[in-house]
Amino acid sequence: MNLIEAHGGELVNLIPSQADKEQRQQLANEMPDWDLKPRQVCDIELLLNGAFSPLTGFMQQADYQAVLKDMRLADGTLWPMPITLDVDEKTKDAAVAAGHLTLRDEEGVVLAVLKVADVWAVDRAAEAQAVYGTTDEKHPAVHHLMNQTNDWYLGGELLGLQLPTHYDYKQHRHTPQEIRAKFKKLSWSRVVAFQTRNPMHRAHQELTFRAAQRVEANLLIHPVVGMTKPGDIDHFTRVRCYEQVMDRYPERTTALSLLPLAMRMGGPREALWHAIIRKNYGCTHIIVGRDHAGPGDDSNGQPFYDPYAAQELLQQHEAELGIQMVEFEMMVYSQDKAQYIPVSEVNEGDNILNISGTELRRRLQLGLEIPEWFSYPEVVTELRKSYPPRNKQGFTVFFTGLSGSGKSTIANALRVKLMEMINRPVTLLDGDVVRKHLSSELGFSKEHRNINVQRIGYVASEITKNGGVAICAPIAPYEKMRAEVRGMIEPLGGFLEIHVSTPLEECEKRDRKGLYALARKGVIKEFTGISDPYEAPATPEVEINTLNFSPDQATQRIVLKLEAMGLIG
């Protein structure tokens, strides 16, 4: 392991010399491999570049258990978040047998080789409770753990080959070593970091400027551009907003650098983690506000974490951390004083203005005014480019129902009606047509049905993202996969689920091809509604029983719902 001395202490450097790289590449070519998931790519980048110092690879079980129990590595070093590599059983077996595992990005580029030193089964509930204090799947990290994490953890040292390649905003991407060198070149001996996953408005600029003034430090705007909370504004839009805000600070006092971190939204533990990472980037202070890295409310409508728990945890460990916390309150706009003030300075009777994140999204969706006291015109312009009014956004209408229920008929009628009404491209993704052209190799097992619906959802998400209208009409019998499709599309535009609830008996009467009869005889296996279950949606936006509605009437109901949702009109 090669250690380098830099501003703020030692950094782990896992990027090899050219000679080591050639040797490691040869080893990588001979070993079983694993295609890294997006969160794993983020983790491996920060392991390789030293941002996760003192870690030299994915945690072994002793470190993992110590972190869960005490927020420390097995040797006693403060570290609050498990950094693990989860794989499936087939990969686990191959890696253990070979002793190494080649780790590739989504394009197949080798980033590192893992020297397998430990393997253990994932205990999802125990980890969720220990790290996040809950097993409630409304918490995004708990949801990821329960639904997207594989069954086995592999631990061991990483033999790095190269960092992931980023084609965007290269001027703002720095390794810890590079940002420390920049601080040294600028003679910045005191630097306060600002962690954010949202666009910055006037209150954020005022908060950060005051924080830097308070501790007589320069300011590093250090936003997360890896993975944040599902539904957050995309990082391309946010970075354009940050660039506009940078001009609002005094010259040569503030820098912008992007952090490719996969957030866990872990509240107090995450705040501690953020502080350690910022120390590795050479910062001497970090701003910690109310509910730092909190994921919002749980399934009972209560906050997952106390709003000041993160500040209290950092205070307990500040001396050991080697980086100082700058506490900051929420800033609100005083109309009487025509300026932003901390909420603690508000007096009874003061005329206070504030716009919540929900209200901001509403105004963007409806094209309403966003006042200059709240945000800078340049920032609002960037947000409007990416988030046009609701009636100019793309959307997906997703039909689900039994074979013969009338989905395709209504979907076709809706396609024609929308093409008549709106000036946006409309695409119909019928279940049978998609199977013919995109999924011809698939059968009708549960796994293959889910893959087919997932493909339809992916195509619909791309259409929606680019401002078009996707009408999907598969059977889509399983609630979990329909929820996954909704989650894929809703952050990009509108989503409307239509349950065509025509009864099974009626669907059988309409069956021109005799498929139901063949299924009843056992000739066709795994037929939805007969030998395979159909899980009806609990809360679709629209339910249509075609015994009660003609195709025209059904189409009109859907159009009225789209108008009520603001998606057309």
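As the structure is a computational prediction, the values presented were derived from the model and not from experiment. Basis for what follows: all heavy atoms, side chains included, without hydrogens, waters or symmetry-related copies.
- Looking at H235, its side chain never comes within 3.5 Å of a backbone N or O of R197 through a donor-acceptor pair.
- Checking E45 against H166 by side-chain atom types alone, a donor-acceptor pair falls below 3.5 Å.
- T555 and I410 get closest at one heavy-atom pair: OG1-O, 4.0 Å.
- For the 3.5 Å distance criterion, the side chains of T237 and D234 qualify, holding a donor opposite an acceptor.
- From L496, atom CG reaches atom CD1 of I489 across 11.5 Å, with rounding to the nearest 0.5 Å.
- Under the 4.5 Å side-chain criterion, counting only non-hydrogen atoms from C-beta, R240 is in contact with Y169.
- In plain terms, the two heavy atoms of L442 and I451 that are nearest each other are CD1-CG2, 3.8 Å.
- Side-chain atoms of Q129 and T135 form no donor-acceptor pair, as typed in the model, at a separation below 3.5 Å.
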Checklist entry - Hey, mind stepping through S403 and Y516 against side-chain hydrogen bond (donor to acceptor under 3.5 Å, both in side chains) and telling me if it holds? => result CA-CA 9 Å; S403 176; Y516 278 99; 4.6 Å; no

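- Side-chain contact between C241 and M200: absent, with no pair of heavy atoms (C-beta onward) separated by less than 4.5 Å.
- Taking each heavy atom of F304 and P295 in turn, the nearest pair found is CD1-CG, 3.5 Å.
- Proximity of L85 to L36: side-chain heavy atoms (C-beta onward) are separated by under 4.5 Å at one or more points.
- For the pair L562/V397, a side-chain contact is recorded, criterion being any heavy-atom separation below 4.5 Å from C-beta on.
- The pair R248-E378 meets the salt-bridge criterion, since a charged nitrogen lies less than 4.0 angstrom from a carboxylate oxygen.
- Across all their heavy atoms, T409 and P551 have their closest contact at CG2-CG, 3.8 Å.
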Checklist entry - Going through the distances and angles, do I287 and L207 end up as a side chain to side chain contact (heavy atoms under 4.5 Å, CB included)? => result CA-CA 9 Å; I287 298 169; L207 181 157; 3.8 Å; yes

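- Counting non-hydrogen atoms of neighbouring residues, nucleotides and ligands closer than 6.0 angstrom, the CD atom of Q553 exceeds 12 such neighbours.
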Checklist entry - Please walk me through it: do R290 and E329 pass salt bridge (Lys or Arg N to Asp or Glu O under 4.0 Å)? => result CA-CA 6 Å; R290 187 179 183 276; E329 303 176 75; over 6 Å; no

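- Distance check: N198 CG to Q195 CD gives 10.0 Å after rounding to the nearest 0.5 Å.
- Relative ring orientation between H499 and Y534 is described as parallel, the plane-to-plane angle staying below 30° on a 0-90° scale split at 30° and 60°.
- Note on D151 versus R124: salt bridge recorded, some NZ/NE/NH1/NH2 to OD/OE distance being below 4.0 Å.
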Next on the checklist: Please evaluate residues S257 and H174 with respect to the criterion side-chain hydrogen bond (donor to acceptor under 3.5 Å, both in side chains), reporting the C-alpha separation (whole Å), side-chain torsions for both, the decisive distance (0.1 Å), and the verdict.
Outcome noted: CA-CA 7 Å; S257 186; H174 311 91; 2.7 Å; yes

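- The main-chain N or O of S531 is never found under 3.5 Å from a side-chain atom of E526 such that the two would form a donor-acceptor pair.
- With hydrogens and angles disregarded, a donor-acceptor distance shorter than 3.5 Å links the side chain of S405 to the backbone of L402.
- You'll find the side chain of E508 stays beyond 4.5 Å of the side chain of E505, heavy atoms only.
- A heavy-atom distance below 4.5 Å is found between the side chains of Q556 and L560.
- Defined by atom type and a distance below 3.5 Å, a donor-acceptor pair is present between the side-chain atoms of H274 and E270.
- One side chain, Q40 or W34, offers a donor N or O that lies under 3.5 Å from an acceptor on the other.
- In this structure, a donor-acceptor pair under 3.5 Å is present between the side chains of N147 and E137.
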Checklist entry - When you look at I341 and M331, which way does the side chain to side chain contact (heavy atoms under 4.5 Å, CB included) test go after all the steps? => result CA-CA 5 Å; I341 60 173; M331 303 292 290; 5.6 Å; no

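- With respect to R449 and D532, a salt bridge is recorded, a charged nitrogen being found less than 4.0 Å from a carboxylate O.
- By the neighbour-count criterion of 12 heavy atoms within 6.0 Å, atom CE of M421 is densely surrounded, having more than that number from other residues, nucleotides or ligands.
- Among all heavy-atom pairs drawn from A141 and R264, the shortest one is CB-O, 3.1 Å.
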Checklist entry - Step by step, would you call R104 with L111 a side chain to side chain contact (heavy atoms under 4.5 Å, CB included)? => result CA-CA 6 Å; R104 301 178 183 272; L111 302 181; over 6 Å; no

Next on the checklist: Using side-chain hydrogen bond (donor to acceptor under 3.5 Å, both in side chains), reason through D136 and S299 one step at a time and then give a plain yes or no.
Outcome noted: CA-CA 7 Å; D136 185 343; S299 296; 2.7 Å; yes

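- Rounding to the nearest 0.5 angstrom, the gap separating the CZ atom in R39 from the CE atom in M263 is 12.0 Å.
- Counted within 6.0 Å of NZ on K37, heavy atoms from surrounding residues, nucleotides or ligands total more than 12; the atom is thus considered enclosed.
- Looking at E243 and H172, their side chains do bring a donor and an acceptor atom within 3.5 Å of each other.
- For the 3.5 Å distance criterion, the side chains of D86 and T149 fail to qualify, holding no donor opposite an acceptor.
- Interatomic distance, CG of D247 versus OH of Y376, reported as 10.5 Å (0.5 Å rounding).
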Item to check | Worked check of side-chain hydrogen bond (donor to acceptor under 3.5 Å, both in side chains) between Y242 and R238 | outcome: CA-CA 6 Å; Y242 302 140; R238 290 191 287 114; 3.0 Å; yes

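- Nearest approach of L256 to P223, heavy atoms of both residues: CD1-CD, 3.8 Å.
- Residue E447 qualifies as open at atom CD: its count of foreign heavy atoms under 6.0 Å is 12 or below.
- Checked for salt-bridge contact, K138 and D298 miss the test: no charged N lies under 4.0 Å from a carboxylate O.
- Using a 4.0 Å cut-off between charged nitrogen and carboxylate oxygen, E462 and R455 do not count as a salt-bridge pair.
- Using a 4.5 Å heavy-atom threshold, the side chains of T208 and Y249 count as touching.
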Item to check | side chain to side chain contact (heavy atoms under 4.5 Å, CB included) assessment of Q335 paired with I352 | outcome: CA-CA 6 Å; Q335 193 170 26; I352 299 300; over 6 Å; no

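- A distance of 6.0 Å or more separates the ring centres of F395 and F495.
- The shortest distance between side-chain heavy atoms of F236 and D168 falls below 4.5 Å.
- K407 NZ to D430 CG: the interatomic distance, rounded to the nearest 0.5 Å, is 8.0 Å.
- Between E506 and R510 there is a salt bridge, with a side-chain nitrogen of the basic residue lying less than 4.0 Å from a carboxylate oxygen of the acidic one.
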Checklist entry - Does the salt bridge (Lys or Arg N to Asp or Glu O under 4.0 Å) test come out yes or no for E541 and R486, once each step is laid out? => result CA-CA 12 Å; E541 278 74 13; R486 180 186 286 272; 3.0 Å; yes

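- By the 30° and 60° cut-offs, the orientation of the rings of Y340 relative to Y333 is perpendicular.
- Salt-bridge formation is detected for the pair E359/R363: a Lys NZ or Arg NE/NH1/NH2 atom is positioned less than 4.0 Å from an Asp or Glu carboxylate oxygen.
- Atom CD in E382 sits 5.0 Å away from atom CD in Q244 (nearest 0.5 Å).
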